[in-house]
Each structure stands twice: as C-alpha cells, then as structure tokens.
Trainee: 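Dropping a structure here in structure tokens format, bear with me for questions.
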Amino acid sequence: MPIAFIEQSLQPCNTLGLPARAQVAVLDDEAAVPDLCREQGGSVFILGGGSNVLMCAQPRHRVLRVALRGIRLMRDTADHWIIEAAAGESWHGFVTHCLDQGWPGLENLALIPGTVGAAPVQNIGAYGLELDQRLHSVVAWDLQAGCERTLLPSDCGFAYRDSVFKRDGAGRWLIVRVRFALPKAWVPRLDYPDLRAHPALQGVAPTPRQVYDAVCDIRRRKLPDPAVLGNAGSFFKNPVVDAARADALKRCFADLRVYPQADGRVKLAAGWLIEQAGWKGRRLGPVGMHERQALVLVNHGGAQAADVRALAQAVRQAVRERFGVDLEQEPVVLD
C-alpha cells in the first residue's frame with residue numbers, strides 16, 4: 001500500500017519547537033519502502049526524533065517520519081554481542097535496554113535525544129565515545145537507486161559529527177536498521193574530564209550502570225530538557241584546527257580548552273569559545289544561548305527559523321572576531 005503524505009504541523013516534531021508545515025508520512029513498516037522508492041516523485045527529508053534539525057516554516061521537501069520498531073540480539077560471538085535495532089527506536093531507550101540485558105558499551109552515549117536511525121547520520125558522540133567505535137553495520141535503502149544496502153563502518157564515511165548519510169543530503173538514504181558490536185571485555189571509558197571527576201566514580205572500579213548513571217546525571221545538570229525549554233542540543237560543532245593554530249591560541253588564551261586528535265590536529269571546545277565571546281546566557285529576541293551550557297541554543301518561546309539563524313550568525317561573528325575561529329552549525333536544515 002503506498003505511503004500517504006498529508007499536510008500537517010511539524011512543530012511537535014522538532015525539539016526546538018519551531019513552527020513548520022509540510023507534507024508528512026509515517027513509516028512504520030519496512031515493507032512499504034519499495035513503494036516509496038517507486039512513487040516518491042521528488043526529494044524526501046527523513047525525520048527521526050527531530051532533535052538535530054532546524055525547520056523552516058514551509059519546507060519544500062516532503063517529510064518521512066521513521067517509526068520502525070524492534071530490538072534483537074543477532075549474534076553472540078566470543079568477543080561481542082551483535083545487537084540490531086530498528087531506526088525508529090528511541091536512542092536513549094535503546095541504550096537503556098542494552099544495559100538492562102547485560103550488553104554494555106553504549107553507556108557514555110546515554111540520554112542523547114533522537115532515534116537509533118539518526119545516530120549514524122550525525123555520528124553521535126559524547127563523554128569520550130563516538131558511535132562509529134561501536135558500530136557493526138547499517139542497513140539502509142538507497143532511495144535514488146531503489147535498493148537496500150548493508151554498509152560497514154568503512155562505507156559510511158564517518159568523521160566528526162558527519163557521515164555519508166549526512167553529506168549526500170535529503171532524499172538519498174533511508175536507514176531502516178542499525179547493528180552494534182558491543183564488547184564482552186568491557187572497559188569503562190572515563191577519558192572525559194567531567195566523567196572522570198564525577199563523585200560516584202571516585203575510588204571504585206565502576207560498573208557499566210555506574211557510568212550510565214553518571215553520564216545521565218551530568219547531562220541533566222548541564223543541559224536543558226527539550227520538553228521544558230526548546231533546544232536542538234549542541235548547536236555548533238567543536239572546531240578542529242591544526243596544532244600550530246592551537247598553540248598560537250593557547251599562548252593568547254591560557255585557559256583555552258584543547259583536545260589533541262589522533263591525526264595531529266586539535267579540537268577546541270566550542271562552548272568555551274562562545275562563553276568567552278560573551279554569549280553564554282545571552283538572548284537575541286526569543287532565542288538565546290543557554291545559561292548553563294553556552295553551546296546549546298534555546299527557544300524561550302515563539303521563535304521562528306529566522307530568529308535562530310540571526311542568533312547563530314551573531315555568535316559565529318563574535319567567536320570569529322575574538323579567536324579567528326569559524327564555528328560550523330551542527331543541526332541539519334529542513335528547508
């Protein structure tokens with residue numbers, strides 16, 4: 001049966017709470033995907049939980065909301081549990097379910113909003129762990145070619161908050177299932193300073209549940225709940241610069257937060273840059289940067305996409321003028 005697109009409001013479907021109307025359909029049965037390939041007749045924007053998207057008032061794209069459900073243990077090998085989750089599953093719910101089943105390895109990524117299918121698109125990461133470090137494979141439909149493909153991590157073009165699914169743009173890839181290889185020889189990942197310093201993890205050999213609880217506690221203290229205050233999480237990527245540029249900045253700004261990367265470059269803390277540029281807790285009309293976490297752009301009520309763009313531009317300009325560093329927006333745009 002063909003998927004029906006119906007015009008409706010998308011304001012409840014994006015965590016920034018921006019008003020938008022579009023032709024929308026819901027995918028809750030993978031068997032409908034071949035019909036979608038044959039009949040889409042134009043680009044389709046794939047929407048998960050709406051937690052990493054900036055919506056315009058009248059998008060030109062039709063919107064497909066992915067509501068596929070299901071989690072299963074595919075294989076139990078000597079070294080890993082191979083877990084498959086449908087794309088419409090809540091990401092945090094999936095992390096919690098894995099932990100409840102005794103499959104650790106994703107606890108550092110707890111409480112990240114969004115869906116399982118959106119996670120590889122953004123190559124989500126937090127507290128010292130990136131999704132691609134736990135990924136086994138992605139099952140996705142190439143809507144342009146009309147075929148299903150299984151992509152290994154090496155096929156996904158992963159980079160910092162980036163992937164082939166994001167770079168190829170709207171209308172190309174529809175992720176339907178994601179598989180993870182969770183290690184049986186579990187070792188806690190405590191590299192991130194806030195996590196390493198958490199009181200509950202001091203003087204103990206932490207369990208996966210203790211790491212999970214600490215991550216949830218840190219996130220709840222630092223980040224606003226989208227259900228209470230509209231936001232799209234981190235609005236800017238942490239910029240990555242060459243080592244010489246980082247050294248020069250460090251000489252001028254001794255407190256600059258830097259994170260050396262494996263390729264010799266250095267990641268800078270965008271939140272610190274924004275705070276030092278004077279935008280932490282500051283508003284521009286109905287939007288502002290959050291008072292506890294300068295990296296998070298929030299909607300205080302009644303904001304439009306244009307308000308978000310104006311604030312983002314003002315923040316980028318302030319950081320560029322003070323540090324000579326360009327910030328890149330993290331949320332994708334539905335226009």
Side-chain angles (χ1 to χ4, degrees), residues 52 54 108-109 112 119-133 153-154 156-169 189-197 218-219 222-223 231-282 284 287-298 308-333:
N52 193 55
L54 172 59
N108 291 55
L109 306 181
I112 294 178
V121 177
Q122 191 71 4
N123 190 22
I124 62 171
Y127 302 104
L129 182 68
E130 304 290 313
L131 176 125
D132 62 345
Q133 297 168 341
S154 58
C156 295
F158 286 125
Y160 171 59
R161 301 297 172 268
D162 199 13
S163 70
V164 67
F165 310 111
K166 188 174 182 180
R167 289 192 296 273
D168 282 355
R189 301 289 292 269
L190 304 177
D191 300 336
Y192 196 84
D194 281 3
L195 195 55
R196 189 168 58 244
I218 294 168
R219 291 188 72 94
K222 293 181 64 174
L223 302 173
N231 72 88
S234 298
F235 197 83
F236 297 103
K237 297 180 182 181
N238 290 317
V240 180
V241 300
D242 60 47
R245 179 66 179 144
D247 288 343
L249 284 167
K250 192 72 173 174
R251 286 194 295 270
C252 297
F253 305 97
D255 294 334
L256 179 71
R257 297 182 186 175
V258 297
Y259 305 95
Q261 304 297 291
D263 62 2
R265 296 186 300 165
V266 178
K267 184 185 295 182
L268 309 179
W272 187 90
L273 298 174
I274 295 166
E275 181 175 354
Q276 299 303 308
W279 275 98
K280 185 177 183 180
R282 186 174 164 190
L284 185 63
V287 292
M289 307 310 294
H290 193 249
E291 61 185 9
R292 294 197 306 272
Q293 173 50 273
L295 192 54
V296 176
L297 187 152
V298 298
V308 176
R309 288 197 179 96
L311 175 59
Q313 178 57 30
V315 171
R316 277 194 292 261
Q317 182 176 340
V319 169
R320 187 183 304 115
E321 289 176 354
R322 183 165 174 80
F323 300 103
V325 173
D326 288 319
L327 295 180
E328 182 181 349
Q329 178 176 310
E330 190 168 319
V332 297
V333 177

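Only heavy atoms go into these numbers, but all of them, side chains included; no hydrogens, no water, no symmetry mates. A quick note: this is a predicted structure, and the numbers were derived from the prediction, not measured.
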Trainee: Is the shortest side-chain N to carboxylate O distance from Lys237 to Glu330 below 4.0 Å?
Mentor: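 Looking at Lys237 and Glu330, the cut-off is not met.
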Trainee: Using every non-hydrogen atom in the two residues, find where Lys250 and Leu256 come nearest and quote the distance to one decimal.
Mentor: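 That closest heavy-atom pairing would be NZ-O, 2.6 Å.
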Trainee: What residues, two or more places apart in sequence or in another chain, satisfy salt bridge (charged side-chain N to carboxylate O under 4.0 Å, His left out) together with Arg257?
Mentor: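 Testing Arg257 for salt bridge (charged side-chain N to carboxylate O under 4.0 Å, His left out), a comparison that skips the adjacent residues, returns none.
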Trainee: Is any side-chain heavy atom of Val266 closer than 4.5 Å to a side-chain heavy atom of Gln261?
Mentor: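 Heavy-atom side-chain distance check fails, nothing below 4.5 Å.
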Trainee: Indicate the atoms forming the closest heavy-atom contact of Ile124 with Arg161, along with that distance.
Mentor: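 Looks like C-NH1, 3.8 Å.
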Trainee: Calculate, to the nearest 0.5 Å, the distance between atoms CD and CD1 belonging to Gln276 and Ile274 respectively.
Mentor: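 Answer for the CD-CD1 pair, Gln276 versus Ile274, is 11.0 Å.
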Trainee: Are side-chain heavy atoms of Val315 and Met289 found at a separation under 4.5 Å?
Mentor: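 Val315 reaches Met289 side chain to side chain.
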Trainee: Any salt bridge between Arg320 and Asp326, counting N to O under 4.0 Å?
Mentor: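 Yes, charged N to carboxylate O under 4.0 Å.
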Trainee: Would you say the side chain of Gln122 lies within less than 4.5 Å of the side chain of Lys166, judging by non-hydrogen atoms?
Mentor: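 Sidechains of Gln122 and Lys166: in contact.
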Trainee: Looking at Ala270 and Asn238, what are the two nearest heavy atoms and their distance?
Mentor: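 Closest heavy-atom pair between Ala270 and Asn238: N-OD1, 2.8 Å.
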Trainee: Checking Arg265 side chain against Asp242 main chain: does a donor-acceptor pair fall under 3.5 Å?
Mentor: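 No; judged by distance alone, with no hydrogens or angles, the pair does not exist.
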Trainee: Could you give the distance from NZ (Lys280) to CG (Leu295), rounded to the nearest 0.5 Å?
Mentor: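 Answer for the NZ-CG pair, Lys280 versus Leu295, is 11.5 Å.
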Trainee: Is there side-chain contact between Leu297 and Val308, with heavy atoms separated by less than 4.5 Å?
Mentor: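 Yes - at least one pair of side-chain heavy atoms lies under 4.5 Å apart.
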Trainee: Flag the pair Arg167 and Asp162 as a salt bridge only when some basic side-chain nitrogen lies within less than 4.0 angstrom of an acidic carboxylate oxygen.
Mentor: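 Looking at Asp162 together with Arg167, the answer is yes, because their closest N to O distance falls below 4.0 Å.
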Trainee: Work out which heavy atom in Gln133 is nearest to a heavy atom in Leu129; give both atom names and the distance.
Mentor: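 Nearest pair, atom of Gln133 first, then Leu129: OE1-CD1, 3.1 Å.
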Trainee: Roughly how far, to the nearest 0.5 Å, is CD of Glu328 from CZ of Arg316?
Mentor: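 One gets 9.5 Å once the value is rounded to the nearest 0.5 Å.
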Trainee: Flag the pair Pro120 / Leu131 as yes when at least one side-chain heavy-atom distance between them is below 4.5 Å, and no otherwise.
Mentor: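 Contact flag for Pro120/Leu131 side chains = yes.
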Trainee: Once you round to the nearest 0.5 Å, how far does CG of Leu195 lie from CZ of Arg189?
Mentor: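 If we round to the nearest 0.5 Å, Leu195:CG and Arg189:CZ are 11.0 Å apart.
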Trainee: Are any non-hydrogen side-chain atoms of Val325 and Leu249 less than 4.5 angstrom apart?
Mentor: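 Val325 vs Leu249: side chains touch.
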Trainee: Can you see which heavy atom on Gln329 is nearest to which on Leu54, and at what distance?
Mentor: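 It is NE2-CD2, 3.9 Å.
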Trainee: What is the distance from atom CD1 of Ile218 to atom CG of Leu223, rounded to the nearest 0.5 Å?
Mentor: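 Going from CD1 on Ile218 over to CG on Leu223, the span is 10.0 Å.
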Trainee: Testing the basics here: between Asn123 and Glu130, what is the closest heavy-atom pair and its distance to 0.1 Å?
Mentor: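 Answer, listing the atom of Asn123 first, then Glu130: O-OE1, 3.8 Å.
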Trainee: Please examine the side chains of Phe158 and Val164, heavy atoms only from C-beta on, and report whether any two atoms are closer than 4.5 Å.
Mentor: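 No, side chains not in contact.
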Trainee: What distance separates Leu284 CG from Gln313 CD, expressed to the nearest 0.5 Å?
Mentor: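 Here the rounded value is 11.5 Å.
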Trainee: Going by ring pair (Phe, Tyr, Trp, His ring centres under 6.0 Å), name the pairs with one or both residues in residues 234-272, residues two or more places apart or in two chains.
Mentor: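 Qualifying pairs: Phe253-Phe323, Trp272-Phe323.
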Trainee: For residues Asn52 and Pro331, determine if any side-chain heavy atom of one lies less than 4.5 Å from a side-chain heavy atom of the other.
Mentor: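 Side chain of Asn52 against side chain of Pro331, heavy atoms only: contact under 4.5 Å found.
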